[in-house]
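What follows is a set of notes on a single structure, which appears directly below.
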Amino acid sequence: MFMIIKVKLNGRLREFTTEPAERVRDLLRRENIFSVRNGCDGQGSCGACSIILDGKTVNSCLLLSPQVDGKEIYTVEHLADNQDLSAIQTAFLSTGVVQCGYCTPAMLLATKNLLDRHANPTRDQIKDAFSGIFCRCTGYEQLFQAVGLAAKRQKDPYYMQKTAPEFRNELRVVGKSAPKVDGPRLVRGEKAYVEDMVLPGSCHLKMLGSPHAHAYIKSIDTAEAESMPGVVMVITHKNCPDVYYNQAGQGFPEPSPYDRKMFGHKVLHVGDRVAAVVAESEALSGEALKKIKVEYEVLKPVLSIEEAEAPGAPVVHNSTLEYVVGAPADLDNSSADPRDGKIIYQFPIHADPHKNIAAAVSGGIGDIEHGLAEAEVVFEGIYETSQVQCTPLEPHVVYTRMDGGRLIIHASTMVPWHLRRIVSGILGITENKVRVIKERVGGAFGAKQDIVVEEVAAFATWVTGRPVLYRLNRTEEFIASRTRHPMEVRVKLGGKKDGTLTAIKMDLKANTGPYGAHCLTVPMNSCSKSLPLLLCDNVHFNVTTFYSNIPPCGAYQGYGAPQGSYALQLACAEMAHKLGMDHLAFLEKNRVRDGSMLEILRCLGEGREGIPQEVSSCGLGPALAQGAEMIAWGTKQESNDPDIKVGKGVAIIQQGSGLPGLDSANACVTLQGDGTLMLLSGGTDVGTGLDTLTTKIVSECLATRMSDVSLISADTDVTPYDDGAYASAGTFFSGSAALNAACGLKEKILDAAAKMIGESSKDLVLEFPSTVKGKSKSVTFAEIARYTQCGTGEGQLCSTACFTTDKAAIPYGAHFVQVAVNTATGEIKIQKYYALQDCGTPINPELALGQIYGGVLKTIGHSLFEQMILDDKGRCLNANLLDYRVPMINDLPEDFQAILVETNDPFGPFGAKSVGEISCNGAAPAIASAIHDATGVWIRSWPFTPEKILKGLGKI
Amino acid sequence: MIEQFYKPGTIEEALDLKDKFKECAVFLAGGTLVNSKDFPFRYENIISLEGLKLNQIANTQGEVRIGALCTLEELSESSFVPHCLKEAVAQVVSRNIRNLATAGGHIAARKSCSDLLPLLIALEAQLQIHTPAAETMLLEVYLQTRPEGLITEIILQKTHLSRLHSAGCLRASANSRSTLTVAASLQLDDGVVHDPIIVLGGVGRKLTRLTIVETQLQGKPMPHTDKLVQLVRENVEHSSCRPTCIGPCIWAGIEEDADYLQYQAGMLVASTLRKACRGKGACL
Ligand SMILES: Cc1cc2nc3c(=O)[nH]c(=O)nc-3n(C[C@H](O)[C@H](O)[C@H](O)COP(=O)(O)OP(=O)(O)OC[C@H]3O[C@@H](n4cnc5c(N)ncnc54)[C@H](O)[C@@H]3O)c2cc1C
Ligand code: FES
Ligand code: FES
């Protein structure tokens, strides 16, 4: 039944024709109000769809459209006055609280509503205002500053305030705060994400997921679904491309095995692909899914490492094995079942899928047995980590369409070029026939390093010629996208009584789930980002990754380092305790420092020999010193409540800045006719601020205003190649490519100016803004552009550059925690969390801080309460944002501080190193050691639930 | 699939519509449950209660009367609502939800892990309910008998409000549903407990009155915490602690095991009773 409702929308009286079932969120989006987002499919748990309804913030997905008849609605679209952003919007940009921006409209409305109620809100009032809005990126902390600044700017629009520390006085924009270049678009709630690009008349793709964790498809009947009017295509294992691939977006040839087709004969996890329906409406594709009849031969699922390695365990991939190079001499496929298909390895990764082993590697330096024999004290512990979901607020989504015989993919991805390569390989077409446009990404965190949805929609579009939208719902995002690998890590340490480490042994087992995306590299990274922190002559590691039937694992911010760091750093705390030594003193004694040679990295390459590195810059010393002072290390805090015990903990951490010898990035800068610049960067900004960083680098290098540099990034038709936004490569690789391109253009500008002025280019310097200064006179970039672009000139000045390196710029950090544990209830409160990070020169300081807060809060989540719960059939019981327990603003530590410890790395652009992932590595070990300091209990598996504390205390 | 949206202006009209469409119609208050994707039922007819103007809070000599359509946020803002109830409302962490969810809808949803229901039972709240005849019934009786009907008011007797009250909950994180909720109400004369009411939610399918514990406390000084915990652990049935299903009916207990929940129930009851005893007196 259609009805007409009247609504005052953003100050204008409007009439809408609607149906009673239509949710207000859908109505508004239909009316081009794009700012109302969707993070939970209408559960009411994310707040991304917030509106202000009659003066109150509410979730528009929980309202039927007739409920707002006669009412007044405000959305973010009303905040700006044409081109002029409101005080709240500018405050958000100044404080760096906009990352992916998917939650930003909701946050802005909550701020508006809060400031309407309280001109100067307290911290508790701010927390209350944002209490129902989930943000996975920012860690919320900078919101307090944003609200404070907004309150001041509402009174005085020109109010300025320093929002982050500044670095490198000699530089103009690098190391200084500046609004994100994509920020205005995000705070206006403009079209920005894949879902905003969908044209009317597009088809919708929906996936029939397997109800079983492990089963053969005995039969599948799609006839009834296909006969429904409006159903355009049904895809199953019978008609999908006969191509094996891996969904991991990694450099080719990938270490991840090609162990899947688009649809398999066998389903390997609950939610695994059985059939896809492409239909002319979302409802219709849902209806058609119900008409598909499937018969399964259900097999026993394998759900844990223990089950996977047990003798006689069900085999997850009883496949025929093939190698592109390096097939083992004893390769035996006699027991393979044809229904399991093939696994193709690009090169050996020591897999034995018939024993459920997806990958294995071992290596080391020195002589581990000698190191242990030399030890006066030996400690051994086993640490376990649970499965954690990335939960980007915007789930995986893709929109595909044809244009002039070419396939256009609007993607929410971290890897546009890998995506193009993988999709064109599956479709059997050349890469030039495919264009990937990376839209703004509503949170990625590693999950979007994999091709989780794109290839199916691309296939549907390529075959039918129809535009197709495919978006996972929140349940699918939980069970069918990517998660952090559960791991079991046995650590053995040997040391002298004075604390000197003589041996480190790490035996790591990981559960990769049904497919081998990142099965070698994530668990290896657990070692390569934890072992090199400690200087020890005898180090050995074993890594074995198992297949199982749990939801797929893959990349998640930190990429295995959080698990490895938890195990090794907590083992250090335990070792220090066993030695009777202060934990911090133990770390100081054994930690890496400037100039240390990291030989261990030679055996920690990604499926090939790695490159040993000399530490080029290390801020651990100052970070430890400052953190210890901030938290008053060594002094015991007491509580008035006898049940409450207070303790302190510390962990040292590191990450990488991309993969030396593997990664590459490119950029191109061109001089425009009026002297402004156009930057084409392959770098993929997934909300982290990479676009701002590359823009700043070009602006700094070419002495140009930031506003005179425009940027297009991550569009495979327009911008040059970049591996993508993973392995913490953005700043180092994409930033350096931009810098190289800018330096190249600088030379050309100087050469052209030299000719114009008649002086040697060596005598010329750039002068801000956009001017070349010679001894006799100056010329502007605009004059140079006119000179070079005119009929007698040498053409438009343009510089394309690449960045590859064999050097690593390793970021370091020290995290300090103070917890209060209620020994009667096991509850843990984080009273203080200080994250001190050395990311070289922080190019965008306020955005770097946001990365740190966000990384820490995510991992406080998995340390304290986040985990996926599976039943004995492999079904996830908490595949939604309420039951899964993601951190909200009310979960923040009472005193939460991110501190940037400055170093100047010789290899990073303007001395910068990465900051995006490292901050995920400290929370678990630091909190666990603080819990021990408070209670005497070592918690050797995350999350550290009250239940585990009580068990440790012998209370239950 | 929803086909019709009705917005009756009177209670009678609303009841007539419900009578006409019976199980094909549902009352809609804030809609945080009915319109949520988790709501397990689908109705053809929606009867919005908004037009009934049941959003007043009245403070008379003997009682506080809360209109069923008052939102939880309105409860927390009203000067007539007892502060212990405001504290319980504050446990519903999301402001966006509090701005929509209504008191009547919250009660009719009958969630075992509700943050408000244990306290409302402990306050011996009554409901004005039309079934279709108007009647007043104890909330506790309503939850046991589950009558069909339209709740129009929640009535709090001031005589009950003068007792000592407290509510508490156990939650794993800020936005998670409460694993356990507890409320207690009692009188304390010279340190001796009188007429205690202890309500536990979150475990099992129903809210539970811990009547055996109440009897054991009656007429005695408040026992030591360890004793209290022991008492509750013995009297929360082991089986009722075992998580039985997930989804909107049973919100809690997916992750925790039974011994743990029993222990925490004991701790939570003990701390809630102690908090009530520490209170200055009336909830008002
Ligand atoms: C994301 C989210 C988080 C939540 N968090 C919490 C929490 O932390 N703590 C907590 O305690 N609760 C929580 N809740 C539950 C919430 O409090 C209830 O959903 C809400 O109170 C129900 O009220 P409503 O007005 O929205 O009801 P509706 O959804 O409109 O209705 C709920 C039910 O009550 C019936 N009904 C409504 N009004 C009446 C009436 N006057 N008479 C008879 N029947 C009626 C409806 O027919 C329906 O069956 C949460 C809910 C959501 C969606
Ligand atoms: S989409 Fe509305 S609350 Fe999540
Ligand atoms: S900025 Fe909040 S979800 Fe990304």
Side-chain angles (χ1 to χ4, degrees), chain A residues 1 3 19-21 23 40-45 47 50 53 56-59 61-67 69 106 110 128-134 473-474 824-827 861 864-867 869 877-878 880-891 943 945-947 950-951 955-956, chain B residues 1-7 28 30-39 42 44-46 48 50 71 73 90 92-101 170-177 179 225 229 233 243 245-248 251-252 254-257 259-264 267-268 270-271:
Chain A
M1 188 203 78
M3 58 196 296
E19 290 178 57
R23 300 298 190 270
C40 66
D41 310 320
Q43 187 186 37
S45 49
S50 291
L53 178 68
K56 313 243 182 222
T57 52
V58 296
N59 297 338
C61 70
L62 291 177
L63 288 165
L64 302 177
S65 51
Q67 282 182 271
D69 191 15
D128 179 57
F130 298 116
S131 53
I133 304 171
F134 171 49
N473 64 32
R474 184 52 64 186
T825 63
E827 272 176 283
L864 296 187
F865 39 73
E866 270 187 53
Q867 65 175 335
I869 309 290
L877 301 180
N878 55 347
N880 65 72
L881 292 179
L882 264 189
D883 295 310
Y884 176 72
R885 302 171 177 171
V886 284
M888 304 291 280
I889 195 167
N890 280 294
D891 291 305
T945 59
E947 193 171 342
L950 291 172
K951 282 191 176 141
K955 302 250 165 131
I956 53 173
Chain B
M1 184 61 184
I2 301 168
E3 278 167 16
Q4 294 286 348
F5 184 92
Y6 298 94
K7 200 169 163 187
L28 176 76
T32 58
L33 186 64
V34 171
N35 296 340
S36 139
K37 86 167 174 66
D38 286 347
F39 196 51
R42 293 287 170 259
E44 283 157 26
N45 301 287
I46 297 285
S48 165
E50 203 188 343
T71 65
E73 188 53 28
V92 180
V93 179
S94 162
R95 165 171 275 271
N96 282 17
I97 294 294
R98 293 199 312 268
N99 277 337
L100 270 185
L170 175 78
R171 17 177 29 121
S173 69
N175 85 327
S176 60
R177 319 182 207 240
T179 310
T225 300
V229 174
R233 284 178 83 170
C245 67
I246 58 151
W251 280 2
I254 303 171
E255 303 182 25
E256 295 80 5
D257 78 19
D259 285 345
Y260 168 74
L261 287 178
Q262 270 187 330
Y263 173 87
Q264 289 292 28
M267 291 306 302
L268 196 58
S271 67

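Chain A is the first sequence line, chain B the second, and so forth, proteins listed ahead of strands; every chain is numbered from 1.
- Chosen from Asn99(B), Ile46(B), Val34(B), Thr225(B), the residue pairing most often with chain A at heavy-atom distances under 4.5 Å is Asn99(B).
- Within the 4.5 angstrom heavy-atom criterion, only backbone atoms of Glu3(B) (N, CA, C, O) approach chain A.
- Using a 4.5 Å cut-off between heavy atoms, Pro946(A) contacts chain B through both its backbone and its side chain.
- At a 4.5 Å heavy-atom cutoff, the contact between Leu64(A) and chain B is made by backbone and side-chain atoms alike.
- Taking CD of Gln262(B) as the reference point, atom CD1 of Ile956(A) lies at 10.5 Å (rounded to 0.5 Å).
- When heavy atoms are compared at a cutoff of 4.5 Å, Leu28(B) approaches chain A solely by way of its side chain, counted from C-beta outward.
- Not one N or O on the side chain of Ser173(B) forms a donor-acceptor pair closer than 3.5 Å with the backbone of Pro887(A).
- Contact count against chain B (heavy-atom pairs under 4.5 Å) is highest for Ala824(A) among Gly44(A), Gly861(A), Gly47(A), Ala824(A).
- Going from atom OG1 of Thr32(B) over to atom CG of Asn59(A) covers 9.5 Å, rounded to the nearest 0.5 Å.
- Heavy atoms closer than 4.5 Å to chain A are found nowhere in Ser48(B), neither backbone nor side chain.
- Heavy atoms of Gln67(A) lying under 4.5 Å from chain B belong to its backbone as well as its side chain.
- Your options are Met3(A), Glu19(A), Glu827(A), Met1(A), and the one with the most heavy-atom pairs under 4.5 Å with chain B is Met1(A).
- For Gln43(A), the side chain to side chain contact (heavy atoms under 4.5 Å, CB included) partners are Cys40(A), Ser45(A), Asn880(A), Leu881(A), Leu882(A), Lys37(B), Asp38(B), Arg177(B), not counting sequence neighbours.
- Per-residue heavy-atom pair counts under 4.5 Å with chain B were compared for Val58(A), Leu864(A), Asn890(A), and the maximum is reached by Val58(A).
- Both the backbone and the side chain of Lys955(A) come within less than 4.5 Å of a heavy atom in chain B.
- For chain A, no part of Glu73(B) is nearby; none of its heavy atoms comes within less than 4.5 Å.
- Residues satisfying the side-chain hydrogen bond (donor to acceptor under 3.5 Å, both in side chains) test with Ser94(B), not counting sequence neighbours, are none.
- Atom CE in Met888(A) sits 10.5 Å away from atom OG in Ser176(B) (nearest 0.5 Å).
- In terms of heavy-atom pairs under 4.5 Å with chain B, the best-connected choice from Ile889(A), Thr825(A), Ile133(A) is Thr825(A).
- Residue contact with chain A, scored on non-hydrogen atoms closer than 4.5 Å, is absent for Arg171(B).
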Dump the intermediate steps for side chain to side chain contact (heavy atoms under 4.5 Å, CB included) on Tyr263(B) and Leu950(A), then the final yes or no. CA-CA 10 Å; Tyr263(B) 173 87; Leu950(A) 291 172; 3.4 Å; yes
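- Heavy-atom minimum distance, Ile2(B) versus Pro20(A): CG2-CB, 3.8 Å.
- Using a distance-only test at 3.5 Å, with no hydrogens or angles considered, no donor-acceptor pair links the side chain of Thr57(A) to the main chain of Asn96(B).
- Distance check, rounded to the nearest 0.5 Å: NZ of Lys56(A) to CZ of Arg95(B) gives 7.5 Å.
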